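Okay, so here's the structure we're looking at.
Note that the structure is a prediction, hence the values are computed from the model and not measured. So that the names make sense, note that chain A is the first sequence line, chain B the second, and so on, each numbered from 1.
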Amino acid sequence: MKTLTVLGPLSDIPLGEGRAYAVGDDMIAVFRLRDGSLRAVSAVCPHKGGPLADGQIDNSVVVCPLHLFSWDLSTGCSQSGQPPIAVYPVRADDGQIVLGE
Amino acid sequence: MTQKLVVIGNGMAGARTVEEILARNGCFSVTMFGDEPYGNYNRIMLSNLLAGVETEEGIFLNDLAWYRENGITLNTGTRIERIDAAGKAVYDAEGNATPYDKLIIATGSYSWTPPIKGIHHPKRGYHQGVFAFRTLDDTRGMIRYARDHERAVVIGGGLLGLEAARGLQNHVSHVTLLHAMGHLMERQLDPKAGQMLQASVEGKLGIKVITNAMTTEILGKDRVTGVTLADGTVVECDVVVIAAGIRPNTGMVADSGLPVERGIVVDDQMRVRGHEDIYSVGECAQHRGNLYGLVGPLWEQARVLADHITGTAGVAYTGSKLHTKLKVAGIDVASMGLIAPEHDEDEVIVYNEPKKGVYKQLIIRDDVLVGATLVGDNSKAASLIRHFDRGTALPEERSELIFDIGGAVEASPEQMPDDTQVCNCNGVSKGAVCGAVAGGCATVGGVMDKTRAGKGCGTCKPLVQRIVEWANGGAAEEDPAASWYVPGVPMPKPELMAAIRKHRLTSVSSVFATLVPGGAEDAKSKMGLASLLKMMWGADYVDERDARFINDRVHGNIQKDGSFSVVPQMKGGVTTPAELKRIAEVAEKYRVPMVKLTGGQRIDLLGVPKEQLPAMWADLGMPSGYAYAKSFRTVKTCVGSDFCRFGVGDSTALGIAIEERYQGLEGPGKMKLAVTGCPRNCAEAYVKDLGVVAIDGGKWEIYVGGAAGAHIRKGDLLTTVGSADEVIRLTGRFLQYYRENANWLERTYAFVPRVGIDRIREIVVDDVDGIAAALDAAVEEAVQAYRDPWKERAEPATPGQFRTSLPLTVLPQVPVRS
Ligand code: SRM
Ligand SMILES: Cc1cc2nc3c(=O)[nH]c(=O)nc-3n(C[C@H](O)[C@H](O)[C@H](O)COP(=O)(O)OP(=O)(O)OC[C@H]3O[C@@H](n4cnc5c(N)ncnc54)[C@H](O)[C@@H]3O)c2cc1C
Ligand code: SF4
Ligand code: FES
């Protein structure tokens with residue numbers, strides 16, 4: 001992802017939760033960790049399509065709300081033998097959520 | 001070098017063979033011809049499609065994109081008319097030639113039509129109203145036609161005919177099955193089993209069966225009006241389905257000069273006899289004199305063919321052992337191998353219980369299972385098929401083969417094949433559990449986390465434990481976390497509560513920061529901690545929304561497609577016409593995909609997009625029924641003494657009063673209650689977390705720890721009291737004791753036996769510990785703190801609380817019934 005996309009204000013995402021954004025043809029779930037940093041991953045669970053943005057997180061993983069499989073938010077790797085999820089570079093800039101390198 | 005591979009026939013065997021070849025990285029450019037206009041679908045599932053339990057999309061195995069993605073040229077709707085084996089090319093009807101280096105013939109079978117007068121129409125193939133049952137188009141045509149008609153006749157009482165008859169019942173009201181032989185499924189069942197099956201098909205399904213029925217004529221001028229049998233009987237009908245057998249599609253192959261007897265003759269490498277570069281696979285192939293009409297053998301043939309064509313030496317197909325199951329819900333039939341003994345020494349074991357329609361027969365030769373027939377009870381089919389396929393040693397005690405006898409013969413992990421499904425909710429096999437242990441995870445909890453075995457309904461947990469113990473050489477490793485309240489905070493519940501009080505920790509994040517070495521948060525612990533802190537601190541609890549599970553963030557239960565369900569409160573299962581009208585109007589206005597009566601005596605509006613929830617709640621104007629939370633759920637009631645001639649107590653009023661008071665109370669697990677008006681127990685109070693039963697003399701019995709979900713348990717009698725007020729008070733006291741002392745997700749059916757009903761009675765009824773007043777006060781405080789969460793609708797509690805998490809998905813993705 002070379003282009004930068006501003007998804008919206010940081011205040012859109014409550015601390016410790018996630019929200020989903022449509023970016024082109026992708027659905028991306030952005031999480032605001034309790035340590036203040038952001039993570040972005042594909043929004044659709046590879047298991048059976050669960051909405052990952054509705055999942056619970058901590059500072060390392062997201063747990064899908066449907067069957068509670070979990071994925072590492074930084075690497076996208078599953079901790080329970082599921083296919084990995086895509087991870088995207090994301091950061092906060094001047095109160096805005098910015099997707100891209 | 002890339003070779004040209006041509007496949008004639010794009011059915012189950014052809015496509016599977018190509019898949020197997022691709023998986024072996026065969027170096028081919030593949031061209032396929034199929035005379036059906038589709039990609040490859042699961043022909044077996046046509047029965048389920050007809051019966052309405054499968055959709056058309058659901059039965060496709062390889063859609064057109066699959067062919068594209070794998071670089072396969074697919075010619076649908078194209079029939080190959082000739083093979084030029086000398087010139088190495090195939091020709092379609094227009095005379096177009098396609099050259100090949102290797103050719104696979106997988107033309108399958110067609111539905112055989114018995115010689116019956118009037119079955120064909122001179123212009124249209126079949127007479128109007130007559131159908132074969134082989135292809136998707138046949139099935140579509142049948143469904144379309146049957147929908148507008150009333151009476152169907154199926155000709156043929158084998159597997160296919162029975163499934164057709166059952167499926168047609170989904171579309172017409174009368175189905176008659178005509179079978180030319182003396183009993184049903186005569187190729188798989190002996191006469192006795194066949195008659196037993198007939199009795200079930202007639203009695204349970206209501207399908208009329210006529211055996212020894214030779215159909216001689218189809219009646220009706222422009223469309224079918226009936227059929228005539230050899231004995232002169234006329235059966236009126238407007239749909240006729242022929243399921244009288246199949247014949248291999250070999251005409252074109254024989255005309256092209258290839259060797260065809262009953263089928264296309266192949267050797268053990270699936271090569272057509274005398275032709276190095278031509279293979280045949282599937283129902284059209286004749287191997288060692290046998291033709292196969294089931295998919296199991298086709299898969300084996302496909303593997304051998306793929307191995308051979310991609311250069312693996314020494315592979316051979318040596319024939320298949322056949323086993324079948326009837327795919328008709330409610331009618332269990334399984335058959336494998338012999339249906340009758342062949343030698344004097346063959347051991348025959350028979351169990352026969354005509355009243356229940358159960359018949360089981362085993363044929364054993366030299367201690368190996370060579371045949372089995374099961375009618376009316378398939379519970380042992382899987383293990384018998386394994387013995388049959390693998391020829392494994394049989395237990396001394398033969399009865400163990402046909403019955404599950406108590407716990408004594410519970411499968412030991414050692415004997416269990418690796419592919420046995422251990423967890424039926426999450427589909428985890430014994431092999432997967434052992435794999436996790438081999439991968440270094442030797443605690444039961446750890447294996448459950450890794451594989452998700454035991455994380456569904458939980459009934460398989462003891463089995464998972466035994467497998468882990470066995471795989472780890474006798475004992476599982478001590479799981480320190482097993483006693484912790486939640487996995488991420490290293491303390492059992494009493495210790496944890498003491499620490500929370502000592503440090504006055506009122507938010508979930510402060511618990512992690514203070515009580516976890518290193519302060520690491522744990523996503524899977526948040527929900528349990530939120531519940532505990534809310535119970536402990538009431539109004540002083542600092543509610544961090546991220547600690548809540550999604551259901552509790554938006555006050556609805558998440559569905560498989562990411563939508564939510566709305567279950568309004570309906571105390572005691574009692575409603576009013578006005579309320580029903582409002583629900584109906586809301587359901588219409590928001591086009592709710594399904595309105596359903598729940599097992600908890602209220603109404604569920606299912607499949608609602610998240611963003612619609614607040615508006616719906618407002619229009620409903622009813623409080624939340626808490627059908628999504630680990631909390632007090634419902635109080636089921638019966639009509640009781642107000643209406644019922646047996647009622648000895650006003651169960652409805654008491655149920656409503658209990659629900660009114662304890663609504664929404666959160667806890668370590670769900671709390672489901674019931675009040676019933678007499679011991680006939682129509683409200684199922686004996687199997688509730690807390691159940692109240694009115695008994696004669698104005699008294700009420702209170703039962704606790706009952707269950708009828710994943711676990712079944714009759715509740716223990718806590719006490720008998722003389723007034724409704726007393727019931728309400730003891731209910732609160734018991735629930736509070738449970739809230740304070742049960743482990744996270746420990747339902748009362750586990751909690752009550754763990755603590756012991758006598759001990760619970762001492763505390764809750766007799767107040768031996770002197771804490772009754774404190775329990776009463778604590779629950780009263782919680783009752784006062786109740787606030788309907790559906791009021792949280794004008795102002796979202798957090799930004800985007802009700803924003804969809806699936807922005808590009810059109811909801812609903814669940815079936816719409818309205
Ligand atoms: C809607 C309903 C089925 C129905 O169509 O009737 C239902 C639906 C669900 N039940 Fe149930 N249960 C429903 C009555 C029951 C009953 C019968 C009853 O309440 O009288 C039981 C047996 C009693 C019991 O609870 O033991 C029942 C035993 C379960 C269990 C097994 C609990 C156990 O430990 O044995 C689960 C799984 C769980 O709790 O982990 C479960 C879980 C579920 C969940 C919440 C699964 C989930 O987490 O998504 C289902 C939600 C479907 C949805 O999307 O809305 N449901 N479930 C019933 C709602 C009743 C209500 O009005 O509140
Ligand atoms: C309703 C139903 C239920 C069944 N249930 C079961 C079951 O429960 N269990 C089980 O094991 N089996 C079941 N079967 C049988 C199973 O479907 C078959 O054994 C299997 O489909 C055979 O695969 P095949 O590839 O040999 O033939 P097919 O799947 O019939 O494929 C052959 C394909 O080749 C095409 N074709 C033929 N000639 C030509 C030509 N000249 N040019 C181009 N294309 C051609 C045909 O149109 C067809 O598409 C069932 C069958 C039916 C109809
Ligand atoms: S509603 Fe209950 S029984 Fe039905 S599928 Fe869901 S959890 Fe299982
Ligand atoms: S859909 Fe995400 S875990 Fe099943």
Can you label the angle between the B:H555 ring and the B:Y628 ring as parallel, tilted or perpendicular, going by 30° and 60°?
tilted
SB check B:D543 B:R548 (cutoff 4.0 Å):
yes
Below 4.5 Å, heavy-atom pairs only: which of B:M527, B:K524, B:Q801 has the largest tally toward chain A?
B:K524
If one checks every heavy atom of B:A432 against chain A at 4.5 Å, the contacting part turns out to be neither
Answer yes or no for A:R19 and A:F31: cation-pi contact, defined as NZ/CZ to six-membered ring centre under 6.0 Å and angle to ring axis within 45°.
no
Interatomic spacing from CG in B:D546 to CZ in A:R34 - rounded to 0.5 Å:
4.0 Å
Verify the neighbour count for atom CG of A:D35: are there more than 12 heavy atoms of other residues, nucleotides or ligands below 6.0 Å?
yes
Most chain B-contacting option - heavy-atom pairs closer than 4.5 Å, from A:L66, A:L68, A:V61:
A:L68
Would you kindly say whether A:S37 and A:R39 are connected by a side-chain donor-acceptor distance under 3.5 Å?
yes
Pick one of side chain, backbone, both or neither for B:D449, based on which atoms fall under 4.5 Å of a heavy atom in chain A.
backbone
If one checks every heavy atom of B:S509 against chain A at 4.5 Å, the contacting part turns out to be side chain
Only pairs of heavy atoms separated by less than 4.5 Å count here; which of A:V63, A:N59, A:I57 has the most with chain B?
A:I57
Pairs involving residues 43-63 of chain A, ordered by first then second residue, that meet salt bridge (Lys or Arg N to Asp or Glu O under 4.0 Å) (sequence neighbours left out)
A:D54-B:K610
By number, which residues in residues 8-16 of chain A have some heavy atom less than 4.5 Å away from chain B?
A:S11, A:D12, A:P14, A:L15, A:G16
If I take atom OG1 from residue B:T798 and atom CZ from residue B:R545, how far apart are they, to the nearest 0.5 angstrom?
6.5 Å
Check: A:L7 and A:V30 side chains under 4.5 Å, non-hydrogen atoms:
yes
